[in-house]
Structure formats: structure tokens, C-alpha cells
K.L.:
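Right, I'll just put the structure down here and ask away after.
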Number of protein chains: 2
Amino acid sequence: MKNKQKQSQLRDVRDVLDVIGGRWKAAILASLCDSEKRFNELKNDLGEITPRTLTKELRYLELNHLVQRTTAPNNAVAVIYQLTEHGHSLNPVIATLVKWGKKHRKEVLNIGNVGE
Amino acid sequence: MKNKQKQSQLRDVRDVLDVIGGRWKAAILASLCDSEKRFNELKNDLGEITPRTLTKELRYLELNHLVQRTTAPNNAVAVIYQLTEHGHSLNPVIATLVKWGKKHRKEVLNIGNVGE
DNA sequence: CGGAATCCCCGACGATACTG
DNA sequence: CAGTATCGTCGGGGATTCCG
């Protein structure tokens, strides 16, 4: 901290956290990782999410170029969402997180209790 | 989504996000990465944080075995906080995030505007 | 010095209903 | 189908004050 180097790195970490944080973003990206999906497809896949929230999350992901929204030219009622190249580039990052996450779970479970 | 594999991975990602997410956790870990610190040292280093919040964050990090709290035996008023081995193991993960964070910043800046 | 206690604000997210 | 509108809840985190 204090020095510019660390501050800049913190900012970068914050950015990534914003992009995959919150209750839904990671799940949405995971769902779209398989294949492109329609709005209601996504909604069903995610389960509990409300349309309002799904819309907001998708808009945010669009702004960050992780997801691309496409309206079918002939039929405006068909909208598909898919990952962009940039979105796919998140994959190895996620993989790293998953790996450490598993390690972390072990660590926390085997030393004692976790509480929650 | 839907399949157990992906659900489990999402859970792992959630865990990591909980551990380094929020407004302060990453900054605290970054600060302790340099060297062990006392409570008020940490507080000054972080700047705006209130003691209440710092306490809560440290407790959480302790619970997760990322930080170790030690009271000096002779003088109970001296308390030091330091990263555990497990805490240090987060370093490469952070590095990955920083790397993608920089890429992301470029991506978002150069295609158009970011808005926020 | 290293916190604990109390009070409060605000943004994320949910529920429900409605629309082009 | 793919959203929008309105309202309500809940918890993270800040401000301030007090304590051993």
C-alpha cells in the first residue's frame, strides 16, 4: 500500500471483482460459457433471478464487453446473448480462482471449524 | 449451469470472492504482504477505514486462516497481524487477477467509452 | 493502543405487476 | 419473448463514542 504500484494493482483487482462479483455475474458468464442463450433461457438456467436483475447484470456485462447482445434482424423478439472474445479470455482466470477456492476449502475445513 | 460440476466451481469462485472481495480485504492483504503490522499501522496504511470495519475484516480473515493475530506476551497492548502461509498462497491468484485486470482496462477503454 | 457499542445510510437485489 | 416500473428488504460499511 501507499506506493503507486500497489495502488494500481489493487485497482485492477477491484475491476475484476466488479466484473465477476455480485450474486449473479459469475453464474451468468458460466451459463453463457456453454453456448449462447436467449433471455428466458438464461433466466431459467439461473433459477431464482428476477428479470429486472438479469437485465441489469446483462447490461453491465455488455458495457464491459464480456457479453454481446444480438437482436435477430427479422424478428425483434428473438435476442441472443453470447460471450465475446474478451469474455472467453476470463476462463483461465476463473480456473485459477476455482483451483485456489478448492485449496482454501480444504485449508479452512481441516484446521478446525469454519463457523459458516 | 445446472450440472453439478459447474455449480461446484461457482461455489469455489464465490468463496474466493468472499475472501478478497468487499471494499477492504484485498487492500489489507496487500498491506500485510509487505510485512507484519500493528492495528493502527494497518489503519493508517489503509487510510479511510474505520476501526470497527478494520476489526471486522481482520476477524474474517483470521477465520479464514489468511491472517494471524498475535498478542505480545509481555505487553497485551501490542498486537501484530501477519499473513499465514495460506495467506501468502493467494499471491499468484492475485497476480492472475491483476494481469487480466490490466487487459480488461485496455479492452474497455480502447473500444469506446466506459461510462463509469 | 486496540478495539466494542450504537446508530445510520445507501446500494444491491427481490417481488410483483405491467408492456410493446 | 424480452423486457420496464414501482416498491420493499437486507446487509455492508461509515460516523461517532466509549472502554480496559
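In what follows, chains are A, B, ... by sequence order, proteins preceding strands, each numbered from 1.
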K.L.:
Do A:Asp15 and B:Lys102 meet the salt-bridge criterion of a basic N to acidic O distance under 4.0 Å?
P.N.:
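Answer for the salt bridge query: no.
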K.L.:
Show me the donor-acceptor pairs within less than 3.5 Å that the side chains of residues 92-101 of chain B make with the rest of the protein, sequence neighbours left out.
P.N.:
unit_1   : atom_1 : unit_2  : atom_2 : d
B:Thr96  : OG1    : B:Pro92 : O      : 3.0
B:Trp100 : NE1    : A:Ser89 : OG     : 2.9

K.L.:
Does the pair B:Leu29 and B:Leu90 meet the rule for a side chain to side chain contact (heavy atoms under 4.5 Å, CB included), with working shown?
P.N.:
CA-CA 9 Å; B:Leu29 293 173; B:Leu90 249 178; 3.8 Å; yes
K.L.:
Considering residues at least two apart in sequence or located in another chain, which fulfil the salt bridge (Lys or Arg N to Asp or Glu O under 4.0 Å) criterion with A:Lys43?
P.N.:
none
K.L.:
Roughly how many Å is it from CG in A:Asp45 to P in D:dA2, rounded to a whole number?
P.N.:
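Rounded to the whole Å, the gap is 14 Å.
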K.L.:
Measure the distance from NZ on A:Lys37 to C1' on D:dA2 and round it to the nearest whole Å.
P.N.:
17 Å
K.L.:
May I have the distance from B:Ile80 (atom CD1) to C:dG2 (atom P), rounded to whole angstrom?
P.N.:
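After rounding, the reported distance stands at 11 Å.
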K.L.:
Distance-only criterion, 3.5 Å: show the donor-acceptor pairs between side-chain atoms of residues 17-24 of chain B and protein atoms not counting sequence neighbours.
P.N.:
none

K.L.:
How would you list, by chain and number, every residue that makes a side chain to side chain contact (heavy atoms under 4.5 Å, CB included) with A:Lys25, sequence neighbours excluded?
P.N.:
A:Glu57, A:Tyr60, A:Leu61
K.L.:
Any side-chain N or O of B:Tyr81 under 4.0 Å from OP1/OP2 of C:dC1?
P.N.:
no
K.L.:
To the nearest Å, how far apart are B:Tyr60 OH and D:dG13 P?
P.N.:
11 Å
K.L.:
To the nearest angstrom, how far is A:Glu62 atom CD from D:dA2 atom P?
P.N.:
14 Å
K.L.:
Looking at B:Arg38, I'd like to know whether one of its side-chain N or O atoms comes within less than 4.0 Å of OP1 or OP2 on C:dG2.
P.N.:
yes
K.L.:
If an axis is fit to five pairs at each end of the helix from C:dC1-D:dG20 to C:dG20-D:dC1, what is the angle between the two, to the nearest 10°?
P.N.:
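Between the first-five-pair axis and the last-five-pair axis there is 50°.
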K.L.:
Listed by chain and number, what are the side chain to side chain donor-acceptor pair (under 3.5 Å) partners of A:Thr55, not counting sequence neighbours?
P.N.:
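Testing A:Thr55 for side chain to side chain donor-acceptor pair (under 3.5 Å), a comparison that skips the adjacent residues, returns none.
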K.L.:
Please state how far atom CD in A:Glu41 lies from atom P in D:dA2, giving the value in whole angstrom units.
P.N.:
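Taking CD of A:Glu41 and P of D:dA2, I get 8 Å after rounding.
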K.L.:
What pairs with B:Thr70 under side chain to side chain donor-acceptor pair (under 3.5 Å), at least two apart in sequence or on another chain?
P.N.:
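Side chain to side chain donor-acceptor pair (under 3.5 Å) list for B:Thr70, sorted by chain: empty.
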K.L.:
In whole Å, I'd like the distance from the CG atom of A:Leu58 to the P atom of D:dC1.
P.N.:
16 Å
K.L.:
If the sugar-phosphate is the primed atoms plus P, OP1 and OP2 and the base is the rest, what is the B/S/- string for nucleotides 6-20 of chain C, using protein heavy atoms under 4.0 Å?
P.N.:
BB-----BBB-----
K.L.:
Specify the separation, in whole Å, of atom CG of A:Leu54 and atom C1' of D:dA2.
P.N.:
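It is 10 Å, rounded to the nearest whole Å.
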K.L.:
Given C:dG3, C:dC1, D:dT4, identify the nucleotide with an atom nearest to the side chain of B:Asn40.
P.N.:
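Looking only at heavy atoms from C-beta outward on B:Asn40, the closest nucleotide is C:dC1.
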K.L.:
Please list, chain by chain and in numerical order, all residues satisfying salt bridge (Lys or Arg N to Asp or Glu O under 4.0 Å) with B:Arg59, sequence neighbours excluded.
P.N.:
B:Glu62
